There are 2 protein chains.
Amino acid sequence: MTANLRQVAERAGVSVRTVSNVVSGFPLVAPQTRERVQRVLDEMGYRPNAAARHLRGGRSGLVALVIPEIASPYFGELAGHLADEAEKRGWTLLVQQTGGDARRERELLDGVRGQAVDGLVMSPWALCPTDLRRRPDAAPLVLLGEQDADGLLDHVVIDNVAAARELTRHLIETGRTRIAAIGLQPHLTNGTAARRLTGYRQALAEAGLPHDPALEIPVAQLHRADGAAAMRGLLAAGIDADAVFCFSDQLALGALHVATGHGLRVPADLAVAGFDDVEDGRYANPSLTTVSPDKPAIARAALDCLAERLAPGTGPAPARHIVAHHLEIRGSTAG
Amino acid sequence: MTANLRQVAERAGVSVRTVSNVVSGFPLVAPQTRERVQRVLDEMGYRPNAAARHLRGGRSGLVALVIPEIASPYFGELAGHLADEAEKRGWTLLVQQTGGDARRERELLDGVRGQAVDGLVMSPWALCPTDLRRRPDAAPLVLLGEQDADGLLDHVVIDNVAAARELTRHLIETGRTRIAAIGLQPHLTNGTAARRLTGYRQALAEAGLPHDPALEIPVAQLHRADGAAAMRGLLAAGIDADAVFCFSDQLALGALHVATGHGLRVPADLAVAGFDDVEDGRYANPSLTTVSPDKPAIARAALDCLAERLAPGTGPAPARHIVAHHLEIRGSTAG
DNA sequence: GTGAAAGCGCTAACAT
DNA sequence: ATGTTAGCGCTTTCAC
């Protein structure tokens, strides 16, 4: 076992109290005592025991990231930023996967194992705001993505309506008129897809383009396979789209793969655009036009939010935190 | 605060001991008592306090994944499998990023914040086996990737030499004779790239093909950008390769992007192959031939290894755990 | 400026 | 089969 306070105290000939003071930087210690204690501390390679601190003080230094799956590129990139930001604040990030399953989301919210975390950053798919709020004296929670829970829960988002409208407008400006939208998720409580659809429809309406329900394609998940399936469906149905706007880069990469395999030239015959700006998109052939959310800012906003809730006092009311985004125009729409 | 054992005991009219027995499933409790206590437990929504358990028993239920970056698709997919496997064993996975930096690797090994974990799964880039072994009474450690540390440290690997040889042989069998290898990393302590190079050279030698140092390209990192840069260098130097074997899918996707952008037809003019079988590769245009390591098996092997070290007794000597792989032949080499 | 000691919630050794 | 209690390592209140 590693040395504890009592052992250090004995060796340094002082009390546990004094050693604790030195370790925690408490000011009222004689400089000479401090120095001697510090030397013993170093000699013995003292490390504060996290469990004891946690038991005593109530803080574990752990923040949980609760997401459908870490293997998804978007969540992977986000997790990277969150881990970095957490580190800066003296926290450590822990990952819990839900697979988008309601029971698992509930379990993790209630803290089956997460009980020992100081806060949660969660991207819910199956639980609605009402469910999410039902958690007696639990750790602070901040949500990622649209939730229709303004004022009830903290959540970090980009302006999905505006972003989808901008991207659709870009497609229209480059001459496309038959623009499909792939990625509706009517089965999810998470309102992100719905907002993107709204932005898409707004841009069409603004341009005076007709709105064709046959061009709005739902998907089961946001994986490449789902985008591929949607594209195959579009082609099989003989629907003559000249652009597809996918609600995630993964969907777009799947669609791009199928379109190219079908002999379509992108972007000449068909423009393809995505959402998220994950690294895969940049190196696709052709590289993918997409909406780029400011991911480091999302990570910062989420952790700032938790930090505020953990600070003494109740902090501000739960809010919708909007983070910047920009359009990243690349070869798949503007070759 | 949530209810504790004492409060439950009072309400149920028994001692803490009995409640503890019920919670932990200790057999010697009268069925009738057990039932009554369980009811109170449920009523009060009792949750064991992780910090107290940890302080008392020494187990935190946490396993740290220490890797260069979680945003990399390979590590993302692996993290997903590790999180699932950890969950099955009652562990929670925590992520620590090193950026491949030696000081940071050292820090995390010594447990700056990781001190409270039951074990570490690490992919070292900067520290050598000697450094890795220098850690007094720390948590069990299992390494991912080649380490030249047989018998000294537990590590989980695939047979990189064989895998690289098989892939190179496949390229030769499809008629390629000028095969470049992209991904040498002479600056890393991690011997993975070196073994893949060995396998590549063996296959060339077996086929009686000359070995050309100009075709062996080192890279700084394993990102798509590095693969792209290497491919650009190859083209700029006017080197007439008919295939490139990249030591990661990320490198291959970068190379593919540049080759295609240069007007090369893949695989007709140039075959491109990768390593890792990450999902991006499957949906690339054309889809990427690659070596597919059994990632779920890697996750299982790593955690089995930690579990053995944590079990009472010292367990078997540190060993090299070899996991299966197979060749995944796709359009980028065999269109 | 420093020491003594209580107590966070749990497990397990020791009693009965 | 169940009750009592020491003690894990730390922080902090209360004394001096």
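Just so it is clear: chains get the letters A, B, ... in the order the sequence lines come, proteins before strands, and each one is counted from 1. Here the structure is a predicted model, which is why all the values come from computation and not from measurement.
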* Strand-adjacent residues in residues 32-45 of chain A, judged by heavy atoms under 4.0 Å from DNA chain C ->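 Within this stretch, Thr33(A) sit under 4.0 Å of the strand.
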Output the rounded distance in Å from [atom1] ([X]) to [atom2] ([N]).
{"X": "Arg59(B)", "N": "dG9(D)", "atom1": "CZ", "atom2": "P", "answer": "16 Å"}
{"X": "Gln7(A)", "N": "dC8(D)", "atom1": "CD", "atom2": "C1'", "answer": "12 Å"}
{"X": "Leu5(B)", "N": "dC8(C)", "atom1": "CG", "atom2": "P", "answer": "13 Å"}
{"X": "His54(B)", "N": "dC10(D)", "atom1": "NE2", "atom2": "C1'", "answer": "13 Å"}
{"X": "Asn49(B)", "N": "dC8(D)", "atom1": "CG", "atom2": "C1'", "answer": "13 Å"}
{"X": "Arg53(B)", "N": "dC8(C)", "atom1": "CZ", "atom2": "C1'", "answer": "16 Å"}

* Should the heavy atoms of other residues, nucleotides or ligands under 6.0 Å from CZ of Arg133(A) be counted, would the total exceed 12? ->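 Not more than 12 within 6.0 Å, no.
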Could you check which of [options] has an atom nearest any side-chain atom of [X]?
{"X": "Ser15(B)", "options": "dT4(D), dC10(C), dG9(D)", "answer": "dT4(D)"}
{"X": "Leu28(B)", "options": "dG3(C), dC10(D), dA1(D)", "answer": "dA1(D)"}
{"X": "Leu55(B)", "options": "dC10(C), dC10(D), dC8(D)", "answer": "dC8(D)"}
{"X": "Pro48(A)", "options": "dC10(C), dC10(D), dG3(D)", "answer": "dC10(D)"}
{"X": "Ala30(B)", "options": "dA1(D), dG9(D), dC10(C)", "answer": "dA1(D)"}

* Asked: Are the side chain of Thr98(B) and the backbone of Arg104(B) linked by a donor-acceptor contact shorter than 3.5 Å?
  ->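 Flag not set: sc Thr98(B) to bb Arg104(B) has no pair under 3.5 Å.
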Between protein and nucleic acid, restricted to nucleotides 12-15 of chain D and to nitrogen or oxygen atoms under 3.5 Å apart, what atom pairs and distances do you find?
from	atom 1	to	atom 2	distance (Å)
dT13(D)	O4	Arg17(A)	NH1	2.9
dC14(D)	N4	Arg17(A)	NH1	3.3

Per-pair distances, 0.1 Å, donor-acceptor, side chain in residues 34-45 of chain A, under 3.5 Å, sequence neighbours excluded:
from	atom 1	to	atom 2	distance (Å)
Arg34(A)	NH2	Phe26(A)	O	2.6
Arg36(A)	NH1	Ala12(A)	O	2.5
Gln38(A)	NE2	Asp42(A)	OD1	3.1
Glu43(A)	OE1	Arg11(A)	NH1	3.1

* To do: Give Phe26(B) one of three labels, base, sugar-phosphate or nothing, depending on what nucleic acid heavy atoms sit under 4.0 Å from its own.
  =>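 No contact.
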* Run the salt-bridge test on Asp304(A) and Arg89(A) with the 4.0 Å N-O cut-off and return the result as yes or no. =>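 Result for this pair is yes, salt bridge flagged.
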* To do: Identify, with sequence neighbours excluded, every residue that meets side chain to side chain contact (heavy atoms under 4.5 Å, CB included) alongside Ala30(A).
  =>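 So Ala30(A) forms a side chain to side chain contact (heavy atoms under 4.5 Å, CB included) with Thr33(A).
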* **Partners passing side chain to side chain contact (heavy atoms under 4.5 Å, CB included) against Glu69(B) (at least two apart in sequence or in another chain)** =>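 Partners of Glu69(B) by the side chain to side chain contact (heavy atoms under 4.5 Å, CB included) criterion, ordered by chain and then number, come out as Ser72(B), Gln97(B), His223(B).
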* **Criterion side-chain contact (heavy atoms from CB on, under 4.5 Å) against Leu143(A), the qualifying member of Pro129(A), Pro124(A), Pro318(A), Cys305(A)** =>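 Of all the options given, the one that passes is Pro124(A).
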* Asked: Checking side-chain contact (heavy atoms from CB on, under 4.5 Å) against Leu78(B), which of Val121(B), Ile298(B), Val278(B) comes through?
  ->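 With Leu78(B) as partner, Val121(B), Ile298(B), Val278(B) yield a single side-chain contact (heavy atoms from CB on, under 4.5 Å), made by Ile298(B).
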* List in chain and number order the residues that pass salt bridge (Lys or Arg N to Asp or Glu O under 4.0 Å) with Asp294(B), two or more places apart in sequence or in another chain; answer none if no residue qualifies. =>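 Salt bridge (Lys or Arg N to Asp or Glu O under 4.0 Å) check on Asp294(B) returns nothing, list empty.
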